[in-house]
Every structure is written in C-alpha cells, then in structure tokens.
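First up is the structure itself, then whatever we jot down about it.
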Amino acid sequence: MKLLAVTSCPTGIAHTYMAAEALQMAAKEMNVDIKVETHGSIGVENEITDEEIKEAHAVIIAVDTKIDKTKFQGLPIVEGTVQDAIKNSKGLIEKAMRLENDKAQYVEKVSKIKENRKEKKKGPYQHLMTGVSYMIPFVVAGGILIALSFAFGIHAAENEGSLPWALSLIGGGSAFALMIPILSGFIAYSIADRPGLVPGMIGGMLSAEIGAGFLGGLIAGFLAGYTIVLLKKWIKLPKTMEGLMPVLVLPLLSSSIVGLLMIYIVGRPAATINVGLFNWLENLQEGSAIALGLVLGLMMAFDMGGPVNKAAYAFGVSTIAAGQSSSVMAAVMAAGMTPPLGIGIATLMTKNKFTKEEREAGKAALVLGISFITEGAIPFAAADPLRVIPSLMAGSAVTGALTMLFKVKLAVPHGGIFVLPIPNAVEGFLPYVISIAIGALVTALLVAALKKTKME
Amino acid sequence: MNIKELLTKDRISFNLEGLTKEEVIDELIEMLFKDNVIEDKDKFKIAVMKREEEFSTGIGYGIGIPHGKSEFVTEAAIAFGISKNGVDFDSMDGKPAHLIFLIAVPEKLDDIHLKVLSYISRRLMHNEVRQAIMEAENYDDIIKAFEK
C-alpha cells in the first residue's frame, strides 16, 4: 500500500519539514510506503507525480496554508493540520489506510478532467474568445475616436473635412467597420488556422453589409472555419498541385461557399434577430432593464477578464456597434470598474486584513479600476476566492442595476473614467459616477467584513 | 554550508534563565543581537511573537522552535538554549519545553540556508537526536547530534 502526503506551514521554514519527517518516521515504523511532498520557503520539494497519484491508496494533506488539491482529485483525502502530522502522524496514516479507494471512480474522474481540458483547448467557446480578443482593440480604438468626434458636438462629424469628421471616419468608418470582419476572421482562424482568415473576414464583412451584425459575424466565423476543415479533408490534389491549395483552391471555394450561405440562407434570419435584439433593448421596461444590469454586473465580476466577463463585454460592445450610445455598455463598463476599485478601497479601510504586498497591490488596483481593467482584482480573488469573488459580484451587480435605474448611456466601449469627461461620451455623468462609487463601496464593505485578520 | 555556520558557538546557552516563553525568547534574541545578526531587537521580536500567535511553535517533545522572518535580520542564524527546568511553551502536548531553537531568517534567503534549516527541523523529530542534545555538554556534542 502506498500513501502520499503534502505538508505546508505559513513560514515554510521548520514545521513543514518536521511534519514531513514525523509522517515518514511513523510510516516506516508501521511498514507503510509513503512519499511526502513539502511546500516550504524553498518551494515544492519531493514533488508527487501523476504516476504516483494513480498508484496511491490515499493522500494525507497536513497543511496550515492553502494548497492546490486539484491534482489529487478522485483520491481519498485525509485532511489535517501541520500540528496533527507532528503530534499524531500515526493516527493520520491509520485513517488514510482505512479509507476506501474506489479506483474505478478515480479513473472515470481523470478521463473527465482530460475531456474538459481537451474541450477547453478546442471547444467552440475558445474559438469565439479568440475572435473576441482580436476584435476588442479595434473596438476600443474606434469607440474612443468616435467619442472624441462627439466631443465637438453630436453633429460635428457631418461637416466634411473637419477634424470631428476625420475622427469619425477613422473610428466609425474604419475601425468599427473592421470590427465584425476581424471577429469572424479570427474565429475561423482559431478553428482552421491561416486558411480560415479569408472566408472568415469575407463572411464577417458580408454580415455587416446585410445588417446581420454581430450575430451574423459569429455564424460567418464558425461557418468559415469548419468549411475549411471539411474542404481540407475532402479535396486531395496531386502532389505537384498541392501548392495551389492555400493560394487558390481553399480561398476561392471557401469564400464562395461562406458568402453564398451568408447572403441566401443565414443572412436574413440573423438580421431579423439582430434588429429584434435592438428593439428589445430599446423598449426594455425599467424592471427588466435593472435585472439585465444586475446579471451583466454579476458576469463582469465573476471571472474578471475571463470568458464570462468577456461574454458580457462583447454583448455590451455589440450594442454600440452602430455608433450610438447604449445603457448596456454603460452597465458593463461600470460593473467592470467596481471590482478592483472596491478591493482597493478595502485595503485602505482595513489595513490589518491584508499583507504588506496586498496593500501595495491595492493601490495599483485603484488605478486599474478607474481605467476599467477588471483584471486588477484577480490577485485578491485568487488568494481568497470564496470571500472575495462573491463580494466583487455583489458590488458589480449593484452598480450594473443602478446605471440601468438611472438610465445612464455610454457611447464608448472602454477607457474607464478617462473617457467620461469627453462631452457626449456618457449620458448622465453624475449618476454614473455615483453608481460606480456605491458598487465599489458595497464590495469594499463586504470584503472588509468577510476577510479574516492577517497574522503574518 | 553546514549547521556550524548557522549555529555558532556564541549562539548557544546551556543554561537559559528565563522562566516564561517570552523571557526565553528575549534571551535568545539577545545572543543573536550581540552576534550582530539582528539590527533591531524589538522589530525582530514582533515578527517572532506574531508567528507564535498564529499557533505556538512548541511542537511538543520538549522542543520549541520560535522563528521570525524579518528585514532586520542580516543573515540566517540559529540561537539555541537549554532550559533545565523547562518553560511553558504552550506546547501541543502541554509539557514544558527544554530545548529552544530560535531561527532568524532575513526577508530574502537563498536555498542553501533553507535546506539546512529544513534538515535541522527534520532531525529534531528523532528521539535519539533530542536525547543527544539534551545530554550535550559542549558545542561539539550538539553539532555531532545533528550530523549523525
């Protein structure tokens, strides 16, 4: 019978190793095979391998710190403190030996984990996110340029040759026009590599042309990617003509297929849904608008820059794609600013609940917060997810709901407080700032109340 | 790198006078201070006592290993003292501590020092090592006990 163990104490200088030694001594006495991984100041030593996990009967986790237990998933675990291991190492080992080890269940779990990983790598969601992440810089640059053009007056861009006209041409006429083609192109690129780019971008362009918008762009991207995958599988050219595949055969065939499908089949329903969505948003009743703001807020704070956050953000962006301002965008940006802001305020309010490093990071979080970089809250959420993430979500939900309640609208997709002074960028400046402040305070108070006092 | 560099002759007391955990820790800190490895006694003590508050380093078996990581420590060092009567160290087994090791560690420490500290910690878990230290009459006996 083989056992595994992990020991780790807060300073990682002495007790980690005493506990390890105690377990090894006890195991030797009891004639049990044990391997102890130590997490100390030196780092991880005597690391347990996947192979060993597969063969082990159970694992003893004797830690006073947080360690990542995911690699032992499926293995019976005996949990204890470092003191338990030092004082009662035999007891822990006996307990571990008594545990039932259901190998079958474990194998199943492992294959499940592997499946998840695979999906993560190649799932449609990942393709979508690739597209979105390539699109966002276009949106940001374009959106802010449009906002700057608005600064000269809402209709200033109509005066051809003037600066606002030029800004609008760069931002709206060009950057925003590329937005959907880039989205579709890079979704297809993610699926099918380079050959995907041509039908993807062309399909995206068509989608914008026929009014199918974002939704059409998404469909075009996937259509293009999988079309290339199939064409590559089906078409076998003689060796001498293989060079023609990437420059002639694939681009020509795939763009015709995707283009025709977009125009004759996908285009119209997608355009209808697109228009419907906008009408729905336009006529949203107050109650449901607030609920939408709330949900968007929860999404923005849930994974701080991860896929859920990006999905909410992409939705926000899609509502300003035509250059008009939207309440959804306002809720999304505000709710994305509150997590780092709230955390930053919490570090100022309750100094004893954060380490020195965290207090420094708190200041950085404030700056990231006002710049609408939600990721600024990640270090805190990672250190104490169960207390921090719900606090972040609560604050962002409040902010999202408030901006909807106050009917704030935003014309720019990014920029945090730096874009707010631009005239016409935001409708309802004061309520907007208030909404953000209240949400940030909610987060700060919750974090302050939930977090434990630090002793380190 | 070996134990002798961390635990020098000047950092050992065969007869600690302190009657409480705090007095004993003060005595050990004083030794390190005199040996110029600690720049600020009080600041270092705060670090040590904070660690004790989290949970006592009295691990039982008559041993206490208070330790502190602080910017006021110039180099890694160990001070060691024997208390003949033993002091209450809030030990896990409720018994008094006789062998007290104070470990001082600077904020940034290389792995070699950490390896030695972890080695010492491991050795202390063995009954025969503790016995040998308890019966030690001079510096060499103590070093021998660890190096066995």
Side-chain angles (χ1 to χ4, degrees), chain A residues 5-29 34-46 62-66 80-93 351-357 360 452-456, chain B residues 6 46-71 73 76-78 90-95 99-130 146:
Chain A
V6 181
T7 62
S8 174
C9 68
T11 1
I13 288 172
H15 289 83
T16 303
Y17 304 100
M18 298 177 113
E21 191 74 10
L23 285 170
Q24 278 165 353
M25 283 162 62
K28 200 173 167 193
E29 205 175 303
I34 195 167
K35 171 160 178 176
V36 187
E37 180 179 293
T38 52
H39 293 222
S41 289
I42 309 180
V44 176
E45 285 176 291
N46 206 21
V63 298
D64 294 333
T65 55
K66 275 206 188 81
T81 60
V82 171
Q83 293 99 302
D84 291 338
I86 293 175
K87 200 169 59 177
N88 186 21
S89 42
K90 273 188 192 165
L92 285 180
I93 289 173
K351 293 205 162 100
N352 60 343
K353 301 207 173 181
F354 297 92
T355 62
K356 203 162 120 198
E357 291 79 25
E360 282 305 312
K452 283 191 179 148
T453 307
K454 275 265 151 49
M455 286 296 195
E456 206 183 356
Chain B
L6 284 170
I46 290 171
V48 173
M49 295 317 278
K50 249 191 183 160
R51 176 65 187 78
E52 289 300 315
E53 270 169 37
E54 271 179 48
F55 57 83
S56 174
T57 58
I59 52 155
Y61 310 108
I63 299 180
I65 42 163
H67 49 277
K69 200 177 192 180
S70 163
E71 53 185 307
V73 177
I78 299 174
D90 310 317
S91 296
M92 289 190 258
D93 56 5
K95 289 184 186 138
L99 309 179
I100 296 131
F101 292 83
L102 173 72
I103 303 177
V105 180
E107 281 295 338
K108 282 209 181 88
L109 189 58
D110 54 75
D111 287 356
I112 304 166
H113 286 86
L114 288 169
K115 281 246 162 75
V116 176
L117 289 173
S118 70
Y119 171 77
I120 290 177
S121 307
R122 281 175 181 273
R123 293 292 291 160
L124 280 175
M125 294 309 294
H126 294 264
N127 191 25
E128 67 272 16
V129 175
R130 291 194 298 268
F146 278 114

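Below, chains carry the letters A, B, ... as their sequence lines are ordered, and counting in each starts from 1. If you're wondering where the values come from, they're calculated on a predicted model, not measured in any experiment.
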Holding to side-chain hydrogen bond (donor to acceptor under 3.5 Å, both in side chains), I want the full list of residues that pass it with Asp90(B), two or more places apart in sequence or in another chain. Lys21(B)
The interface call for Leu124(B) against chain A, heavy-atom contacts under 4.5 Å, is side chain
Tell me the closest heavy-atom pair linking Ala26(A) and Ile93(A), and the distance in Å. CB-CD1, 3.8 Å
Could you verify whether a donor N or O on one side chain and an acceptor N or O on the other, from Thr57(B) and Glu52(B), lie under 3.5 Å apart? yes
For chain B, which of Gln24(A), Met25(A), Glu45(A) has the most heavy-atom pairs under 4.5 Å? Met25(A)
Can you list everything that forms a side-chain hydrogen bond (donor to acceptor under 3.5 Å, both in side chains) with Lys90(A)? Sequence neighbours excluded, please. Glu29(A)
The interface call for Tyr61(B) against chain A, heavy-atom contacts under 4.5 Å, is side chain
Measure Thr38(A) against the heavy atoms of chain B and call it side chain, backbone, both or neither at under 4.5 Å. side chain
